[in-house]
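As the structure is a computational prediction, the values presented were derived from the model and not from experiment. Chain identifiers are assigned alphabetically (A, B, ...) following the order of the sequence lines, protein sequences preceding nucleic acid strands; residue numbering begins at 1 within each chain.
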Amino acid sequence: MLTVLHALQGQLCAAMERAFPEAAQQARAGGRPLDPQLAPASKPEFGDFQANGALPLAKPLGQPPRAIATAIVEQLAADPAFAELCEAPQIAGPGFINLTLRPERLAAEVQARLGDPRLGVPSVAEAGGGGLAPVIVDFSSPNIAKEMHVGHLRSTIIGDSLARVLEFRGHPVLRLNHVGDWGTQFGMLITHLKQVAPEALTTADAVDLGDLVAFYRQAKARFDEDEAFQTTSREEVVKLQSGDPISRKAWQLLCDQSRREFQKIYDRLDIRLSERGESFYNPYLEGVVADLDASGLLVTDDGARCVFLEGVSGKDGKPLPVIVQKSDGGFNYATTDLAAIRYRFGSVPDGDGARRVIYVTDAGQANHFAGVFQVARRAGWIPADGRLEHVPFGLVQGEDGKKLKTRAGDTVRLRDLLDEAVERAEADLQRRLAEEERTEDQAFIQHVATTVGLAAVKYADLSQNRITNYQFSFDRMLALQGNTAPYLLYAVVRIAGIARKGGNLEAGGSEEAGSGAPAPLTFTEPQEWALVRELLKLDGVIAEVEEELLPNRLCTYLFELSQVFNRFYDQVPVLKAEESARSSRLALCRLTADTLRLGLGLLGIPTLERM
RNA sequence: GGGGCUGUAGCUCAGCCGGAUAGAGCGACGGUUUCCUAAACCGUAGGUCGUGGGUUCGAGUCCCGCCAGCCCCGCCA
């Protein structure tokens with residue numbers, strides 16, 4: 001419906017221009033051309049669109065807003081292109097102009113989508129031609145020698161979904177896993193392992209990952225207390241970063257082991273990622289500092305080299321620094337992040353040539369990224385048309401409203417959390433099968449439980465506005481009613497049921513064999529029209545997610561679509577309908593299923609035929 | 001001390017560029033099944049949008065103050 005919206009926008013602007021030429025000219029001269037304030041109708045009874053642009057004109061024109069609206073409507077009515085799209089506009093309330101599309105236009109839009117694998121969502125690749133600049137989505141980013149936990153869940157799921165939406169829109173997307181595989185933490189770990197488990201540094205898988213995690217914790221504790229250990233650790237970092245073969249080998253083994261473990265999770269969640277860890281940027285760190293120095297941004301303070309931020313003051317009103325080289329000469333995470341920005345926007349042989357870079361990390365890093373982004377901007381590393389965006393998200397909390405922990409008080413491992421979701425989904429399914437006296441084989445039960453369990457975890461996370469903290473609850477996410485994955489999956493299953501019971505969904509608008517052109521779609525019931533209007537919103541929703549990077553907007557849409565469909569399903573017969581209505585209703589079912597499958601697919605959620 | 005985010009129904013949350021009577025789901029209460037999976041549908045009750053100002057034709061939405069919660073703040077990431 002975006003194309004219709006654009007057409008109406010143009011017609012409204014032209015109508016306002018004709019109705020109030022002087023005001024329009026003045027407005028243009030003032031740099032603020034008249035705006036019809038066209039938007040989707042806020043309520044179904046207002047039609048499809050509303051234009052509120054008459055109201056703000058009342059004061060400057062010295063006329064009542066309804067009179068202004070009337071003048072605009074008169075001009076609109078004189079436009080044949082408008083008359084073809086819309087019924088006669090209604091003026092309502094203080095001066096809103098309500099627009100309702102002609103039924104045959106709506107039916108034609110549905111018809112067009114039935115034959116379109118993209119369901120009416122345009123691709124930037126078609127429009128812009130080749131040579132599109134890549135979009136980078138930086139997400140997940142676990143740390144080597146640590147297990148993935150719930151904290152990584154949000155980044156992984158949100159990042160994956162955003163990448164899928166951008167890919168669907170036709171952007172070349174680089175999904176980058178900026179794993180923590182460098183820096184002080186490795187010095188600590190290697191130093192500690194040399195003393196307690198030297199075999200881990202020379203032999204693959206000599207200790208298992210759980211032990212490695214424990215060793216890491218011990219190393220961290222020693223680092224915080226023991227000065228001699230700190231010194232040795234720092235020396236170890238220097239050895240690693242300068243390429244000492246023994247250190248490199250140990251590092252490689254540890255990374256490989258962790259990587260295999262991460263990959264199991266990614267495979268389970270069907271997430272594709274290219275690993276490009278912090279270590280990748282090691283060769284560029286000195287160049288970053290040199291660049292900053294050359295731009296005159298660098299200041300040495302307390303022995304550390306830093307850039308002082310503009311507009312951000314810390315204690316005692318002093319500007320806040322971003323430290324890029326520590327007093328011992330080492331680099332830190334800010335240096336690495338700066339090197340990454342420079343590389344990602346850099347042109348192709350020595351960079352990615354990206355024009356949009358998106359970081360999906362927790363909101364706690366907002367200050368850090370704001371600082372790093374400012375430095376990058378001042379250093380001139382971001383092209384004029386480049387977009388650099390931090391996509392923050394809130395904490396995962398338990399049902400007590402505190403940070404999610406196990407009963408024993410430990411961090412919840414992602415693996416365990418996914419297991420539990422699948423187990424609970426299976427228990428629910430078994431209970432339902434027993435109640436309904438259905439029998440299904442083990443493969444079916446496993447497949448449904450796995451799909452529903454993982455879908456529930458993903459959807460619960462994605463359906464919430466990411467900026468707020470998110471209260472994790474198995475009971476709520478697996479609930480069979482409400483804004484949950486099972487509710488949406490069930491809508492798809494219902495349509496699949498219609499297909500199984502004899503509804504030929506693939507026949508397009510027509511069921512008549514041999515008849516070349518499809519029979520025209522005819523809709524009579526309000527539930528049909530409600531479904532038609534809902535289906536046509538898809539392209540606008542996708543455009544919004546692409547721009548705002550809020551997957552919950554897509555979730556809300558899919559939930560509302562499912563609700564409208566369930567109402568239709570409940571109140572309007574499909575298979576038992578008279579022939580002319582039957583084929584049109586089957587077409588609606590098919591488009592609904594396709595829309596739900598596509599939308600859920602963009603959330604990383606596969607659908608089911610039966611459940 | 002400085003900065004960021006959040007505050008909407010009993011609970012969990014939506015609310016798009018400021019727009020008409022603030023919306024869902026859960027929970028509560030009451031209905032619907034000869035019919036495509038009732039994992040559904042229909043209805044009722046439930047609100048000082050933290051609070052006080054301001055901007056304007058119009059504010060949950062924008063601006064300022066205050067209160068509460070969470071998070072961050074020089075050489076960890």
Side-chain angles (χ1 to χ4, degrees), chain A residues 35 37 39-40 42-43 46 50 52 55-56 58-59 65 92-96 98 141 143 180 182-185 188 220 223-224 278 301-306 312-317 320-328 330 332-334 336-337 361-368 370-371 392 394-395 397 399 401-403 428-429 432 436 438 452 463-465 467-471 473 475-476 479-484 486-487 489-491 493-503 540-541 544 548 550 552-553 555-556 559-560 563 566-567 569-571 573-576 589 610-611:
Chain A
D35 180 5
Q37 298 194 12
S42 57
K43 290 185 182 208
F46 300 152
Q50 59 186 40
N52 305 338
L55 291 145
K59 206 171 190 181
F96 302 113
N98 290 338
S141 311
N143 291 316
W182 210 241
T184 315
Q185 49 184 8
M188 281 158 38
K220 172 97 171 91
F223 187 85
D224 292 341
E278 294 170 346
D301 194 75
D302 252 356
R305 312 192 77 186
C306 37
V312 189
S313 51
K315 296 165 195 165
D316 15 301
L320 222 58
V322 170
I323 295 175
V324 296
Q325 190 163 22
K326 299 185 283 186
S327 47
D328 68 1
N332 65 6
Y333 65 109
T336 307
D337 282 337
T361 81
D362 69 279
Q365 297 190 52
N367 290 340
H368 163 67
L395 265 54
Q397 299 174 320
E399 291 186 68
K402 294 185 182 144
K403 201 173 169 190
D428 277 354
L429 178 60
R432 189 159 305 281
E436 296 173 9
R438 269 167 73 191
V452 171
S463 62
Q464 201 136 138
N465 187 326
I467 196 67
T468 53
N469 289 348
Y470 150 54
Q471 204 172 98
S473 160
D475 287 332
R476 271 201 299 271
L480 309 166
Q481 51 293 87
N483 189 6
T484 65
Y487 181 86
L489 291 173
Y490 180 60
V493 163
R494 285 184 129 182
I495 300 170
I498 291 177
R500 262 198 312 280
K501 294 283 167 71
V541 172
E544 202 176 304
E548 315 276 336
L550 291 171
N552 68 302
R553 295 277 165 81
C555 295
T556 300
F559 175 54
E560 284 169 0
Q563 280 185 310
N566 276 328
R567 223 162 279 152
Y569 180 93
D570 195 63
Q571 296 161 17
V574 176
L575 292 179
K576 292 187 192 257
C589 287
R610 294 195 304 124
M611 61 193 279

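Taking 4.0 angstrom as the limit, Lys576(A) places none of its side-chain polar atoms (N or O) nearer than this to OP1 or OP2 of rC35(B). For Gln471(A) and rU12(B), the shortest distance from a side-chain N or O to OP1 or OP2 is below 4.0 Å. Arg553(A) has a side-chain polar atom (N or O) that falls below the 4.0 Å cut-off from OP1 or OP2 of rG15(B). Under 4.0 angstrom from either OP1 or OP2 of rA14(B) there lies at least one side-chain N or O belonging to Thr468(A). For the pair Asn465(A) and rG15(B), the criterion of a side-chain N or O lying under 4.0 Å from OP1 or OP2 is met. Distances shorter than 4.0 Å separate none of the side-chain N or O atoms of Gln563(A) from OP1 or OP2 on rA40(B).
In this structure, Phe46(A) counts as stacked on the base of rA20(B) under the 5.5 Å centre distance and 30° plane angle limits.
Applying the 3.5 Å distance criterion, the base of rA77(B) shares no donor-acceptor pair with the side chain of Asp362(A). The base of rC72(B) sits with one of its N or O atoms less than 3.5 Å from a complementary donor or acceptor on the side chain of Asn367(A). Counting distance only, with no hydrogens placed and no angle test, the side-chain atoms of Ser327(A) and the base atoms of rC75(B) include a donor-acceptor pair under 3.5 Å.
Rounded to a whole angstrom, the distance from the P atom of rC64(B) to that of rU48(B) is 27 Å. Comparing the P positions of rG69(B) and rG30(B) gives an interatomic distance of 40 Å, to the nearest angstrom. Look at the C1' atom in both rA24(B) and rC49(B): the space between them is 16 Å, to the nearest Å.
Nucleotide rC70(B) has rG4(B) as its partner under the Watson-Crick or G-U criteria, with both atom distances under 3.5 Å.
Of the possible donor and acceptor atoms, none in the side chain of Asn469(A) sits under 3.5 Å from a partner among the backbone N and O of Gln397(A). Formation of a donor-acceptor pair under 3.5 Å by the Glu278(A) side chain with backbone atoms of Tyr333(A) is not found in this model. A donor-acceptor pair under 3.5 Å is formed between the side chain of Thr484(A) and the backbone N or O of Ala479(A).
Comparing Arg476(A) and Pro486(A), the nucleotide of RNA chain B nearest to each residue sits closer to the 5' end for Arg476(A). Two residues, Glu544(A) and Gln37(A), neighbour RNA chain B, and the one matched to the more 5' nucleotide by heavy-atom proximity is Glu544(A).
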